[in-house]
Structure formats: C-alpha cells, structure tokens
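Here's the structure, in structure tokens; my notes come after.
By convention here, the first residue in the shown sequence is residue 1. As the structure lists them, so they are numbered: ligands from 1, and atoms in each ligand from 1.
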Amino acid sequence: MRSELFRRYQKNPVIDISDLPYSANAVFNAGATFFKGDILLLMRVEEKTGISHFLCARSKDGMKNWIIEKKPTLLPEPLIYPEEEFGIEDPRITYLEEIGKWAVVYTAYSRFGPLVSLALTQDFEHFEKKGPILPPENKDAALFPMRFDGKWALIHRPSPRDRRAKANMWISFGLDLKYWGDHQVLMEPREGSWWDSDRIGLSTPPLKTERGWLLLYHGVKRTVSGAIYRLGIVLLDLNNPRNVIFRSDEWVFGPEKSYELIGDVDKVVFPCGWVMVGDEIKLYYGSADKCIGLATANLKEILEWIESNQRGKKG
Ligand code: BMA
C-alpha cells in the first residue's frame, strides 16, 4: 500500500480554541502565507454569537510557538459593508507581486446570502476592503498570483439556490481585481456514488509548479448521516488555467481522526491555505469546523503520483 500523500502533524490540532487569547466557539478554516520570515495564518474565529471574524497567528516553523494576536485582526463591518452582517469566513490569501500586496478573498455572509469579497493588505494589520467582487450565492474563491494575457484570474463556486442544479467551480478573468468577466465552468461535481458528487469547491489557492497550477478542492458526498468533506488534487495548465489537465479520481485526504470526525460539523476537513517550504507543502485545514489541523506533503511525491495516475488512466 502506498503511504499517504498528506501526513498529519503528530501534535494535531496545531491550533484550537484553548490557544486563543479570548473566548470563542471555534477556530478553523485559515488562510496561510509567508510574512516577514514567518508562516502566517489568518484564522477564522467563530464567536459565541455564531458570527465569524479573522485573527492572525504567526510561527517560525508553522508548527509550534505560535504568536497569536491579542485582538481580532479583521472584523465584519456591517454598517459600511452590509454584506458582512453575519460575519466574514474562510479567507484565502494570494501574494500579488505586481502590486506588492496580499489579496485576501473571503466569504461575506448576510441575509442576502454568502458572496465573495476582497481585501488587500501590506502588513496584516491594516486592510483595504474592496467590498463584494461577486454576487451571492458564491464562495470558495481564490486569486492566481499573476495575470494571464493581461488579465487576473479567479476561481470561485457559485451555488444555485435550486438544489437540483449543481454547484460547479468556475474561473473568471478581469483587468482589475474588482470587476470580473469571461466566466467559464472549470469543474463539475461527479455523479451518483462518487465522493465529490454533491458539491465541490476550491480549497487552497493555486500553487505554481513546473507541471502546472496545483490546487486542492473539496468534494462533498451526502449520506444518510450527513455530508462528508474530502479533498482531491487538480492540476491546471500553466499558461491557460481554464484547462484542467489532471483531476484525481480518489480523494487524497479525508476525515479520519477524532478531531476531524467530531466537532461542530462532523466529518469535515476544509483547508483554505498552504505554504511551500523547500519541497515540503504545509497544509492547514479546518477540522470539523472546530480547530485547525496541519498535514505535510512532498511536492515531488505529489507530482510523481499525478504522473503515475495519468499513465494508469491512459494505459
Ligand atoms: C462550507 C463552508 C465552510 C465549512 C464547511 C463545512 O460550506 O461554509 O465554512 O467549514 O461548509 O461546514
């Protein structure tokens, strides 16, 4: 049997509510990036009201000695941004070299439904909120770090209210970071008993590799005892990310440990961020909507695994 591609950190959960400087219900679904020599997590904290905000944590090795901000880093501001009435959730971070800023794409939630909002920052202290960039219902969005033929690219997941219509992943393009067009379906859920048959959505922002843009997506299967959230691997064409060149048949990571199986929402692994340290990927994932898990993977192993799976299919 092959060893797992993603291996859990032995001391998981890497961060949970007992690490926070104030009382909260849950800390999960964190965006991740490098910042001033540290690994920085922008964590979703769900308050005991049910409303979420973001809180920064930093660590040299991304495993221990986390320095966690004393106060919330980014709060919903419903008076200025009514779409944030019920909170802000699930940040995905991309560093945009062209403008020298980090883009945080997140879900803003209100009575009008979840939508995709954008904020820019240079220091993770001050944020320029740009407001909604896509209308409801839409979530699971992240930017690519560069332009393609002069245009920025964004992956996102609109979900039709009519549950008979599938929630697909889309890709859109734009000349600035605010207005999006050239919308096109990128990936659809599979059918029947497949692990990703109910809905799919982007998990981690696209990571540039020699073979293509690597990303993880979550696939949901609905069962009589509820939904199961698992992860699959995708590779997109380096020059034209509309082309999916690989999608794993099998999930590569799913809820197995008690902290992934039991929480506020059972059987959920939900990453929003990863970083590359040399050849090692550090993946940060929300566990059962309650705490944060860490898993590591070797990029070469992943690319070799993709290669052998592609070959297997062709042969
Ligand atoms: C998704 C998002 C995530 C959450 C997941 C599992 O739709 O709302 O924030 O972690 O469901 O509950």
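Pairs engaging residues 103-115 under the salt bridge (charged side-chain N to carboxylate O under 4.0 Å, His left out) rule: Glu85-Arg111 [sequence neighbours left out].
Tyr106 and Asp90 share no donor-acceptor pair across their side chains, judged by distance under 3.5 Å alone.
Note: Phe6 and Trp305 fail the aromatic proximity criterion, with ring centroids not under 6.0 Å apart. For Tyr285 and Phe253, the ring centers are positioned less than 6.0 Å apart. Taking the six-membered ring wherever Trp is involved, the centroid distance between the rings of Trp213 and Phe144 falls below 6.0 Å.
Results of the ring-ring contact (aromatic ring centres under 6.0 Å, His included) test with Trp102 over Phe34, Phe35, Phe127 single out Phe35 as the only residue that passes.
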Quick one: table the atom pairs, ligand 1 N or O against protein N or O, below 3.5 Å, distance rounded to 0.1 Å.
unit_1: ligand 1; atom_1: 7 (O); unit_2: Lys139; atom_2: NZ; d: 3.4
unit_1: ligand 1; atom_1: 8 (O); unit_2: Lys139; atom_2: NZ; d: 3.2
unit_1: ligand 1; atom_1: 9 (O); unit_2: Asn29; atom_2: ND2; d: 3.2
unit_1: ligand 1; atom_1: 9 (O); unit_2: Arg44; atom_2: NH1; d: 2.9
unit_1: ligand 1; atom_1: 9 (O); unit_2: Asp90; atom_2: OD1; d: 3.3
unit_1: ligand 1; atom_1: 9 (O); unit_2: Asp90; atom_2: OD2; d: 2.6
unit_1: ligand 1; atom_1: 10 (O); unit_2: Asn29; atom_2: ND2; d: 2.9
unit_1: ligand 1; atom_1: 10 (O); unit_2: Asp289; atom_2: OD1; d: 2.6
unit_1: ligand 1; atom_1: 10 (O); unit_2: Asp289; atom_2: OD2; d: 3.4
unit_1: ligand 1; atom_1: 11 (O); unit_2: Tyr229; atom_2: OH; d: 3.1
unit_1: ligand 1; atom_1: 12 (O); unit_2: Asp289; atom_2: OD2; d: 2.7

